[in-house]
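Worksheet: one structure, shown below.
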Number of protein chains: 2
Amino acid sequence: MPETYEELKLENQLCFPLYACAKEVVRQYRKPLEEFNLTYTQYIVMLILWEYGDMSEGQLGEKIHLESGTLAPLLKRLEKSGYISRSREKNNERRLAISLTKEGLALKEKIRQVPEKIHGCIPLPDEDLILLRALLNKVLDKMNNKEKEID
Amino acid sequence: MPETYEELKLENQLCFPLYACAKEVVRQYRKPLEEFNLTYTQYIVMLILWEYGDMSEGQLGEKIHLESGTLAPLLKRLEKSGYISRSREKNNERRLAISLTKEGLALKEKIRQVPEKIHGCIPLPDEDLILLRALLNKVLDKMNNKEKEID
DNA sequence: CTCCATATTATTGCGCACAATTATATCGTG
DNA sequence: CACGATATAATTGTGCGCAATAATATGGAG
């Protein structure tokens with residue numbers, strides 16, 4: 001009986017399409033974000049701040065699934081770009097308060113066209129996109145809950 | 001009429017769950033791959049070589065969606081680990097031939113348990129996983145074809 | 001109040017990712 | 001053959017991502 005190693009084939013794994021797809025989508029965002037001087041990850045940070053308001057670095061890290069090793073320098077760059085300000089919280093000087101600047105808030109209006117542009121680049125009917133999004137959100141939800149159970 | 005910026009909410013976008021999910025999955029792979037001295041991307045390279053056989057750096061790059069800027073140093077590290085060898089093709093010295101070593105081939109047998117382990121970490125019923133995989137592969141397929149149309 | 005444990009962020013080191021550039025080999029045309 | 005165009009890979013510079021560690025602030029027990 002020949003050995004086919006089915007479980008190692010790319011087509012039969014989730015890891016590769018997820019990896020490749022994520023990279024492709026990030027690539028699509030590069031150009032439209034360029035004019036705003038934002039990287040993809042910085043853009044996600046801005047989305048979070050717009051939606052949930054100012055918060056500490058740690059809270060931000062939880063939402064975006066990033067540690068301070070990545071977030072700390074990234075936030076410094078966002079501050080340099082003028083979109084956020086970094087300051088210690090008065091009540092607890094360990095915490096770093098991340099606040100939107102006036103420019104950061106104003107960006108929200110200017111950048112609205114971007115998701116629309118990207119949407120046009122992803123070659124799948126809307127119903128498939130909705131399904132895909134739902135499945136991915138489901139995985140994230142369950143993974144988040146799993147982590148909390150361990151605590 | 002209040003402005004809700006629906007199109008900028010995380011839940012309504014594909015980009016964020018895709019980004020976060022991909023990161024989480026890569027994270028799951030880190031530990032099981034550690035004992036083989038492989039990173040996630042190196043693991044994908046090995047999967048490609050096992051499935052399709054030896055090829056040039058450029059061909060590999062097409063399959064994994066990576067440029068030489070990433071691939072060149074990564075392949076040097078894989079060579080250092082003993083899993084592949086790098087040599088110029090006789091017929092065309094511009095091309096870098098990537099071949100599996102004996103250790104690289106042997107690894108295939110040892111590593112078979114890994115996908116199984118990961119599968120257990122992704123908290124979704126099998127039918128959802130199959131659907132998710134199919135949707136992601138569909139996006140990749142269409143994006144690949146789109147690129148080719150441009151040429 | 002002191003001291004130790006904990007919380008929070010920053011730093012360092014390594015590897016991935018990519019754009020831009022450089023280096024080298026090959027190919028085609030005169 | 002010579003020379004410019006193209007193909008292929010390597011290098012450089014910047015930023016993301018993470019583990020490990022360091023630095024600083026807070027809180028609690030005695």
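Both backbone and side-chain heavy atoms feed into the values below; hydrogens, waters and symmetry mates do not. In what follows, chains carry the letters A, B, and so on, assigned in the order in which the sequence lines appear, proteins first and then strands, with residues in each chain numbered from 1.
- Listed pair A:S56 / C:dT8 fails the phosphate criterion, with no side-chain N or O lying under 4.0 Å from OP1 or OP2.
- For B:E7, the salt bridge (Lys or Arg N to Asp or Glu O under 4.0 Å) partners two or more places apart in sequence, or in a different chain, are A:R112.
- Listed by first and then second residue, the salt bridge (Lys or Arg N to Asp or Glu O under 4.0 Å) pairs that reach into residues 91-104 of chain A are A:E89-A:R95, sequence neighbours excluded.
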Report each atom pair, protein N/O against N/O of nucleotides 18-21 of chain C, whose distance is under 3.5 angstrom.
none

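- Atom C1' of nucleotide C:dG15 and atom CD of B:E79 are separated by 17 Å, given to the nearest angstrom.
- Atom pair B:L74:CG and D:dA9:P shows a separation of 15 Å (rounding to whole Å applied).
- Here A:K31 does not pair with A:E34 in a salt bridge; the nearest charged N to carboxylate O distance is not below 4.0 Å.
- Rounded to whole Å, the distance from CG on A:L38 to P on D:dG15 is 13 Å.
- Applying the ring pair (Phe, Tyr, Trp, His ring centres under 6.0 Å) criterion to A:Y19, with sequence neighbours excluded, gives B:Y40.
- In this structure, the CD1 atom of B:I44 is 18 Å from the P atom of C:dG15, given to the nearest Å.
- Atom CG of B:L60 is separated from atom C1' of D:dT8 by 14 Å (rounded to the nearest Å).
- With hydrophobic clusters built from ILVMFWY side chains whose heavy atoms lie under 4.5 angstrom apart, B:F16 does not share a cluster with A:I130.
- Here C:dT8 presents its P atom at 16 Å from CG of A:L75, a figure rounded to the nearest Å.
- Look at CG on A:L71: it is 13 Å from P on C:dT11, rounded to the nearest Å.
- In A:E51, the CD atom is crowded: over 12 heavy atoms of neighbouring residues, nucleotides or ligands sit closer than 6.0 Å.
- Screening residues 115-133 of chain A for salt bridge (Lys or Arg N to Asp or Glu O under 4.0 Å) gives A:D128-B:K138 as the qualifying pairs, with residues at least two apart or on separate chains.
- Taking a 4.0 Å limit (strictly below) on heavy-atom distances, residues 84-97 of chain A reaches DNA chain D at A:N92, A:E93, A:R94.
- Considering only side-chain N and O atoms, B:Y29 lies nowhere under 4.0 angstrom from the phosphate OP1 or OP2 of D:dG17.
- Contact annotation for B:K76: backbone-only contact, meaning every heavy-atom pair under 4.0 Å involves sugar-phosphate atoms and none involves a base.
- For C:dA17, the OP1/OP2 oxygens have a side-chain nitrogen or oxygen of B:T41 closer than 4.0 Å.
- In this entry the distance linking CD of A:E34 with P of D:dG15 reads 13 Å, nearest Å.
- Taking a cutoff of 4.0 Å between a charged side-chain nitrogen and a carboxylate oxygen, B:E79 and B:K76 do not qualify as a salt bridge.
- Judged purely by atom type and a 3.5 angstrom limit, B:W50 has no side-chain atom pairing as donor or acceptor with the backbone of B:L100.
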